[in-house]
Amino acid sequence: MKKTVVESPRIHEQYIRMEHESGLTILLYPMKGFSTAYALFGTKYGSVDNCFKTGDDLDFVTVPDGIAHFLEHKLFESEDGDAFTLFAKTGAEANAFTSFDKTCYLFSCADNFEESLKALVTFVQAPYFTQQTVEKEQGIIGQEIRMYEDLPSWRVMFNLLEGLYVNNSVKVDIAGTVESIAKIDADLLYRCYHTFYNLSNMVIAVAGNFDPQTAEKIIVDGLKESKPVSIERKGYDEPREVNKKEVVQNLDVAIPLFYFGYKVKPAAGATEGLKQQIELEILLDVLAGPTSDFYNEMYRKGLLNANFGTEVFGGRGFLATMLGGESKDPKAVLAAFNKMVADKKKSGLSEEDFLSCRNALYGKALKGINDAENTATAMLSYEMMDVGLFDMMEVIADTSFADIEKRFASDFDEACQSLSIVFPNEK
């Protein structure tokens with residue numbers, strides 16, 4: 001097994017990175033003075049991975065929307081019961097999540113770390129699906145889907161994705177639809193499991209209070225034999241233009257919710273992709289962050305409140321910038337933002353604002369490394385992007401005003417912009 005120590009001369013921190021013969025990547029970040037440990041076992045498999053083929057396939061296979069999330073739910077079950085009972089015995093808090101491009105199983109604990117890690121490594125590698133349990137889960141997840149259909153904060157975001165994207169399945173709810181999950185059966189779940197839960201497509205990340213040698217032994221001893229699988233994901237032919245300029249819905253809210261943003265073409269290459277996302281994050285703070293002239297003017301006019309925020313929404317094959325919150329007049333907010341962007345493209349950005357926002361982002365990143373949950377999650381996420389945890393710190397520190405000016409000129413184009421509004425139901 002190849003083992004390296006990843007170091008950051010800038011912040012004098014380090015963690016251990018291992019490449020197991022199976023292809024599994026293991027990341028261990030022991031943190032002195034911590035009382036808890038946090039661990040994730042993740043796979044590069046999310047809701048956008050619905051069309052793929054392996055080396056044995058002649059053509060691409062298309063599976064129902066929502067199957068990655070469905071599989072996550074079902075993996076906690078075994079012939080002997082529920083995996084949550086294993087963690088209840090150790091006192092650890094266990095959970096899982098499916099995003100657009102990854103699925104992760106995790107736990108946090110203050111005691112019995114070794115037993116909890118054994119449980120995590122064991123149950124993620126032990127799928128058990130039957131048609132009877134699949135049909136039962138279809139009813140449970142169907143209820144969850146219906147609940148989210150009426151959740152304003154969820155709908156306003158996915159409506160924006162529907163507006164931005166023409167073909168990319170990132171616009172489809174992670175859980176799928178009631179109709180799509182009805183097409184899932186046990187055979188399909190096993191097919192997706194054996195494709196994407198191959199160890200060569202997976203990462204284990206641990207941070208906090210634990211002994212790295214003990215953790216390494218538990219992980220390696222618990223791995224089942226796994227031959228690497230080559231996975232080819234079918235890309236999306238996504239045009240530059242947006243699908244819809246505006247998406248409007250009426251739901252049970254007291255004040256309109258809104259999201260607007262830009263569809264951005266992701267940069268080619270892992271390091272360039274990381275650089276692009278960091279530059280966009282700094283730019284959003286410069287343009288519309290809590291210290292910006294735009295935000296403060298909108299706040300004074302009563303058009304924005306403290307719930308307003310910005311986000312860089314990126315993953316494998318998709319990238320967007322998003323801004324949103326509550327407003328009595330979302331269209332007036334968007335018009336003011338677009339005017340501000342047009343004015344700044346003529347007059348130029350403030351280098352002083354850039355330096356302030358870059359330093360704030362660096363401080364936030366540094367603070368995050370002092371948290372076991374954030375560190376383990378970030379290690380895994382950046383590894384899945386083919387970069388390292390400390391690369392993020394270096395890219396932030398090395399970002400220049402010229403980089404920001406160039407990014408501002410290229411990635412803030414109204415032709416690539418869409419607006420989503422959830423208005424109150426008409427009484």
Side-chain angles (χ1 to χ4, degrees), residues 1-3 16-28 37-46 49 52-57 61 63 67-87 89-90 92 94-98 102-107 109 112-130 133-134 186-206 210-231 376 379-380 383-384:
M1 182 162 60
K2 182 181 177 182
K3 184 187 300 187
I16 302 162
R17 181 181 186 275
M18 290 176 275
E19 295 178 18
H20 189 260
E21 290 82 359
S22 63
L24 175 70
T25 301
I26 304 167
L27 307 170
L28 305 177
Y38 195 92
L40 303 101
F41 197 170
T43 172
K44 288 181 272 190
Y45 177 46
D49 299 310
F52 59 89
K53 67 177 180 177
T54 63
D56 298 328
D57 297 316
V61 176
V63 294
I67 194 167
H69 171 260
F70 200 104
L71 201 163
E72 173 225 308
H73 275 234
K74 295 307 301 169
L75 199 56
F76 276 95
E77 291 183 10
S78 70
E79 287 186 89
D80 302 321
D82 193 310
F84 282 112
T85 60
L86 298 173
F87 294 101
K89 292 176 182 178
T90 70
N95 211 333
F97 67 86
T98 303
K102 69 175 74 69
T103 304
C104 294
Y105 304 83
L106 55 97
F107 73 84
C109 68
N112 301 316
F113 168 78
E114 291 84 359
E115 291 82 358
S116 299
L117 185 59
K118 286 178 186 176
L120 179 68
V121 172
T122 299
F123 93 83
V124 173
Q125 297 181 92
Y128 175 71
F129 313 128
T130 68
T133 60
V134 167
D187 289 341
L188 267 178
L189 289 175
Y190 277 116
R191 171 67 189 271
C192 291
Y193 179 88
H194 290 301
T195 298
F196 292 102
Y197 283 70
N198 184 274
L199 292 177
S200 61
N201 194 52
M202 302 184 78
V203 178
I204 291 181
V206 189
F210 70 98
D211 176 65
Q213 291 181 324
T214 302
E216 177 186 347
K217 186 175 189 320
I218 290 170
I219 293 168
V220 172
D221 288 352
L223 296 181
K224 293 185 177 180
E225 185 176 349
S226 175
K227 294 181 180 180
V229 173
S230 64
I231 305 168
M379 273 199 306
L380 180 140
E383 180 66 36
M384 288 185 174

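Atoms considered below: every heavy atom in the structure, side chains included; atoms not considered: hydrogens, waters and symmetry mates.
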Within the 4.5 Å heavy-atom criterion, are [X] and [Y] side-chain neighbours or not?
X	Y	value
F107	L40	no
L199	H20	no
T103	H69	no
I67	L189	yes
L24	F41	yes
I204	V121	yes
M384	K102	yes

Subject >> Any residue meeting ring-ring contact (aromatic ring centres under 6.0 Å, His included) with F210, in chain and number order, not counting sequence neighbours >> reply: F113
**OP:** Go through the structure and list residues passing ring-ring contact (aromatic ring centres under 6.0 Å, His included) with F196, not counting sequence neighbours.
**Re:** Y45, F52
**OP:** Might you work through the side chain to side chain contact (heavy atoms under 4.5 Å, CB included) test for D211 and E114, ending with a clear yes or no?
**Re:** CA-CA 9 Å; D211 176 65; E114 291 84 359; 5.7 Å; no
For [X] and [Y], work out which heavy atoms get closest and say how close.
X	Y	result
S22	L223	OG-CD1, 4.3 Å
V229	H194	CG2-O, 4.2 Å
L380	G42	CD1-N, 3.9 Å
P212	L28	O-CD1, 3.6 Å
T98	G46	CG2-CA, 4.5 Å
S116	F87	O-CE2, 3.4 Å

Original post:
Where does the angle between the aromatic ring planes of Y105 and Y197 fall among parallel (under 30°), tilted (30 to 60°) and perpendicular (over 60°)?
Top reply: tilted
Rounded to the nearest 0.5 Å, what separates atom [atom1] in [X] from atom [atom2] in [Y]?
X	Y	atom1	atom2	answer
T54	I231	OG1	CD1	8.0 Å
N95	F84	CG	CZ	5.5 Å
K74	Y190	NZ	OH	10.0 Å
S226	M202	OG	CE	9.0 Å

Side-chain donor or acceptor of [X] paired with backbone N/O of [Y] under 3.5 Å:
X	Y	answer
K224	Q125	yes
N201	N198	no
T133	F129	no

**OP:** Carefully, step by step, assess T90 and C109 under the rule side chain to side chain contact (heavy atoms under 4.5 Å, CB included).
**Re:** CA-CA 8 Å; T90 70; C109 68; 6.0 Å; no
Subject >> Partner set under side-chain contact (heavy atoms from CB on, under 4.5 Å) for T25, not counting sequence neighbours >> reply: R17, L27, V203, E383
Original post:
Excluding sequence neighbours, so at least two apart, what forms salt bridge (Lys or Arg N to Asp or Glu O under 4.0 Å) with K118?
Top reply: none
Original post:
Considering residues at least two apart in sequence or located in another chain, which fulfil the salt bridge (Lys or Arg N to Asp or Glu O under 4.0 Å) criterion with E115?
Top reply: none
Subject >> Residues in side chain to side chain donor-acceptor pair (under 3.5 Å) contact with K44, at least two apart in sequence or another chain >> reply: none
**OP:** Flag the pair K3 and E216 as a salt bridge only when some basic side-chain nitrogen lies within less than 4.0 angstrom of an acidic carboxylate oxygen.
**Re:** yes
Original post:
Do other residues, nucleotides or ligands put more than 12 heavy atoms under 6.0 Å from the CD atom of E21?
Top reply: yes
